[in-house]
2 protein chains.
Amino acid sequence: MIRVAVVDDHEMVRKGIISYLITEPEIEIVGEANSGNGAVSLVLEKRPEVVLMDLLMENGTGIDATKEILKEYPECKIIIITSFYDDEQVFPAIEAGAFSYILKTATAEEVVRAIQKAVAGETVIEPKVANRMMKRFRPQERKPHDELTEREMEVLMCIGEGMTNQQISEELFIGIKTVKTHVSNILSKLDVTDRTQAAVYANRNGLVQNQ
Amino acid sequence: MIRVAVVDDHEMVRKGIISYLITEPEIEIVGEANSGNGAVSLVLEKRPEVVLMDLLMENGTGIDATKEILKEYPECKIIIITSFYDDEQVFPAIEAGAFSYILKTATAEEVVRAIQKAVAGETVIEPKVANRMMKRFRPQERKPHDELTEREMEVLMCIGEGMTNQQISEELFIGIKTVKTHVSNILSKLDVTDRTQAAVYANRNGLVQNQ
DNA sequence: CGACATCTCCGCCTGTAGACGGAGATGAAA
DNA sequence: TTTCATCTCCGTCTACAGGCGGAGATGTCG
């Protein structure tokens with residue numbers, strides 16, 4: 001008997017998943033949760049072997065819930081089951097300790113198989129997701145800003161906000177001359193000619209917090 | 001008897017929705033589709049009163065499917081049922097002729113009610129979605145760059161590319177002095193202090209072709 | 001220890017940016 | 001026609017940007 005918990009903020013998705021599992025005699029649904037916080041208390045109480053977990057939820061993400069659960073209950077097999085579109089979260093999910101990663105496009109058979117394999121200690125990764133993971137381990141394509149030092153990166157982010165050297169010196173508590181030195185180094189490393197181009201670079205490469 | 005079709009590329013979501021409806025005696029599921037194209041042929045064949053339609057699908061979006069269906073079968077009540085996150089598509093969906101717009105966070109009761117109301121000719125719009133719609137009809141919030149002249153907009157796009165005044169004058173075949181005049185006017189109208197901030201503005205507001 | 005990277009700051013110099021005020025040419029609108 | 005917006009250009013002036021070369025204070029690594 002495999003005890004399973006289902007976590008998703010959409011009730012209809014939970015019902016859909018459960019309809020997949022209800023026909024399987026060796027699987028027992030021990031509970032549902034509609035939030036990350038709810039998932040933690042549910043799983044720590046019911047101690048299911050497997051958790052099917054969505055990532056995007058309103059109260060506490062699946063990532064945080066996964067970390068919390070594994071801290072108290074490390075044997076738990078957490079299967080991330082999410083949409084294709086939030087692929088930035090694939091890697092954080094793996095780091096958080098997720099055991100498998102499947103998509104909501106999965107069929108009933110695929111979900112059941114993922115659960116059975118999880119109990120057997122086998123990880124299941126969707127091919128599309130696996131491809132994205134592989135890229136992480138392939139030799140990274142080098143971005144010009146990789147060679148910026150930490151301080152230079154801070155200055156670049158300020159430039160990306162449109163700040164002047166004076167404002168940056170006040171923001172970072174350093175002298176204007178120092179800022180100028182950093183800026184010169186940044187322009188050189190990014191292979192641009194002035195701060196405006198550096199600002200454009202920073203914004204296009206997502207180096208600025210504020211969108 | 002209300003005849004209903006369910007369209008979503010995720011089987012588990014379809015099963016979840018169907019589990020909501022299967023208990024309702026006056027609702028009959030006449031078919032499922034997992035793509036926009038499939039939805040069109042299904043609906044035109046089975047002629048359900050109501051269609052529950054997801055927007056994001058692999059083969060043909062829900063928007064296109066909605067248009068296609070209504071072209072041949074305009075009495076059909078199409079209820080969009082999608083995630084909260086693809087809100088840019090709310091307006092296109094309404095324009096395409098969708099009858100109601102609910103979210104995947106909806107409970108079984110809400111889905112059933114939306115179907116019943118659709119048959120009765122009443123539209124259901126989720127409050128969160130309705131708020132976004134209202135903004136469309138409220139006096140448009142004026143973006144600072146709306147008051148830029150055509151020429152000033154061209155200059156701003158050049159600034160957004162990181163070009164100097166010299167380069168802009170060559171690009172637009174005008175004198176540097178003219179460029180400076182435009183730049184001064186742009187800075188004033190955008191309420192920024194220098195070209196770097198203008199470049200940041202242009203990039204953040206999607207005024208530049210190249211991403 | 002020495003080599004190296006990083007962060008900090010200095011002076012000097014040139015060029016660009018940008019503000020300010022003025023002005024002619026054009027075309028559309030009242 | 002007169003008015004207005006737009007695009008074009010001019011001169012002047014100040015401040016900031018950025019290059020160049022130098023240098024002291026750290027901390028790390030072999």
Side-chain angles (χ1 to χ4, degrees), chain A residues 139-140 142-205 207-210, chain B residues 139-140 142-205 207-210:
Chain A
Q140 281 288 346
R142 316 213 170 208
K143 290 274 183 176
H145 62 262
D146 287 343
E147 53 182 295
L148 292 185
T149 68
E150 200 172 337
R151 201 56 161 169
E152 287 163 354
M153 188 61 82
E154 290 177 322
V155 173
L156 176 57
M157 290 191 296
C158 290
I159 294 175
E161 300 278 3
M163 295 167 71
T164 63
N165 288 341
Q166 176 66 45
Q167 291 171 324
I168 295 173
S169 78
E170 290 163 7
E171 174 77 18
L172 301 181
F173 304 108
I174 55 180
I176 285 194
K177 301 296 179 66
T178 309
V179 176
K180 283 193 172 194
T181 303
H182 289 315
V183 172
S184 283
N185 293 333
I186 291 168
L187 298 184
S188 164
K189 288 182 179 177
L190 297 187
D191 196 31
V192 296
T193 59
D194 53 51
R195 73 194 297 106
T196 304
Q197 289 183 9
V200 172
Y201 178 97
N203 278 277
R204 290 187 180 176
N205 290 85
L207 305 180
V208 195
Q209 328 292 54
N210 182 327
Chain B
Q140 280 286 348
R142 316 212 169 206
K143 290 276 184 177
H145 63 261
D146 288 341
E147 53 183 294
L148 292 185
T149 68
E150 201 172 335
R151 201 58 161 169
E152 286 163 355
M153 188 62 81
E154 290 178 318
V155 174
L156 176 57
M157 290 191 297
C158 290
I159 294 175
E161 299 280 3
M163 296 168 71
T164 64
N165 289 340
Q166 177 65 46
Q167 291 170 323
I168 295 173
S169 78
E170 290 162 6
E171 174 78 17
L172 301 181
F173 305 108
I174 55 181
I176 286 195
K177 302 297 180 68
T178 308
V179 177
K180 283 193 171 194
T181 303
H182 288 314
V183 172
S184 282
N185 292 333
I186 290 168
L187 298 184
S188 165
K189 288 180 180 179
L190 297 186
D191 196 28
V192 297
T193 59
D194 52 52
R195 75 195 296 107
T196 306
Q197 290 183 10
V200 172
Y201 178 97
N203 278 276
R204 291 188 180 176
N205 289 85
L207 304 180
V208 196
Q209 330 292 50
N210 181 328

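Only heavy atoms go into these numbers, but all of them, side chains included; no hydrogens, no water, no symmetry mates. In what follows, every chain begins at residue 1, and chains take the letters A, B, ... in the order their sequences are listed.
Residues passing the side chain to side chain donor-acceptor pair (under 3.5 Å) test with B/Asp194, sequence neighbours excluded: none. When the side chain to side chain contact (heavy atoms under 4.5 Å, CB included) test is applied to A/Thr149, the partners found at least two apart in sequence or on another chain are A/Arg151, A/Glu152, A/Lys189.
Annotation for A/Val208 and A/Met157: closest pair CG1-O, 4.4 Å, computed over non-hydrogen atoms. For the residue pair B/Ile168 and B/Cys158, the shortest heavy atom distance occurs at CG1-CB, 3.5 Å. Residue A/Gly160 comes nearest to B/Val200 through the heavy atom pair O-CG2, 3.2 Å, listed as atom of the first residue, atom of the second, then distance.
Checking side-chain atoms of B/Arg195 against main-chain N and O of B/Leu187 turns up no donor-acceptor pair under 3.5 Å. Proximity of a side-chain donor or acceptor of B/Glu170 to a complementary backbone N or O of B/Gln167 within less than 3.5 Å is not detected. The main-chain N or O of B/Gly162 is found under 3.5 Å from a side-chain atom of A/Gln197 such that the two form a donor-acceptor pair.
Following rounding to the nearest Å, B/Lys177 (NZ) and D/dC13 (P) show an atom-to-atom distance of 13 Å. The nearest whole Å value for the distance from the CD atom in A/Gln166 to the C1' atom in D/dT14 is 16 Å. If you take CD of A/Gln197 and C1' of C/dA17, they are 15 Å apart, rounded to a whole angstrom. As a whole-Å value, the separation of B/Arg195 CZ from D/dC16 P is 17 Å. Following rounding to the nearest Å, A/Leu187 (CG) and D/dA17 (C1') show an atom-to-atom distance of 9 Å. Here the C1' atom of nucleotide D/dA5 and the CG atom of B/Leu148 are 14 Å apart, to the nearest Å. For the pair B/Met153 CE and D/dA5 P, the interatomic distance rounds to 19 Å; values are reported in whole Å.
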Distances under 3.5 Å between nitrogen or oxygen atoms of protein and nucleotides 13-16 of chain C:
none

Show each protein N/O and nucleotides 24-30 of chain D N/O combination with a separation under 3.5 Å, one pair to a line.
none

Using a cut-off of under 3.5 Å, enumerate the N/O to N/O pairs linking the protein to nucleotides 3-8 of chain C.
residue, atom, partner, partner atom, Å
C/dC7, OP1, A/Thr149, OG1, 3.4
C/dC7, OP1, A/Arg151, N, 3.0
C/dC7, OP2, A/Thr149, OG1, 2.4
C/dT8, OP1, A/Arg151, NE, 3.2
C/dT8, OP1, A/Arg151, NH2, 3.0
C/dT8, OP2, A/Arg151, NE, 3.0
C/dT8, OP2, A/His182, NE2, 3.0

Name each donor-acceptor pair under 3.5 Å that joins a side chain in residues 171-186 of chain B to protein atoms two or more places apart or in another chain, with its distance.
residue, atom, partner, partner atom, Å
B/Thr181, OG1, B/Lys177, O, 3.0
B/Ser184, OG, B/Lys180, O, 3.4
B/Asn185, ND2, B/Thr181, O, 3.3

When you look at B/Leu190 and B/Leu156, which way does the side chain to side chain contact (heavy atoms under 4.5 Å, CB included) test go after all the steps?
CA-CA 10 Å; B/Leu190 297 186; B/Leu156 176 57; 4.0 Å; yes

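Using a 4.5 Å heavy-atom threshold, the side chains of A/Ile159 and A/Tyr201 count as separate.
Nearest nucleotide to the side chain of A/Asp194, out of D/dG18, C/dA19, C/dG11: D/dG18.
Taking the screw axis at each terminus of the helix from C/dC1-D/dG30 to C/dA30-D/dT1 from five consecutive base pairs, the angle between the two is 40° to within rounding of 10 degrees.
Using a 4.0 Å heavy-atom cutoff across all strands shown, A/Ile176 reaches no nucleic acid atom at all.
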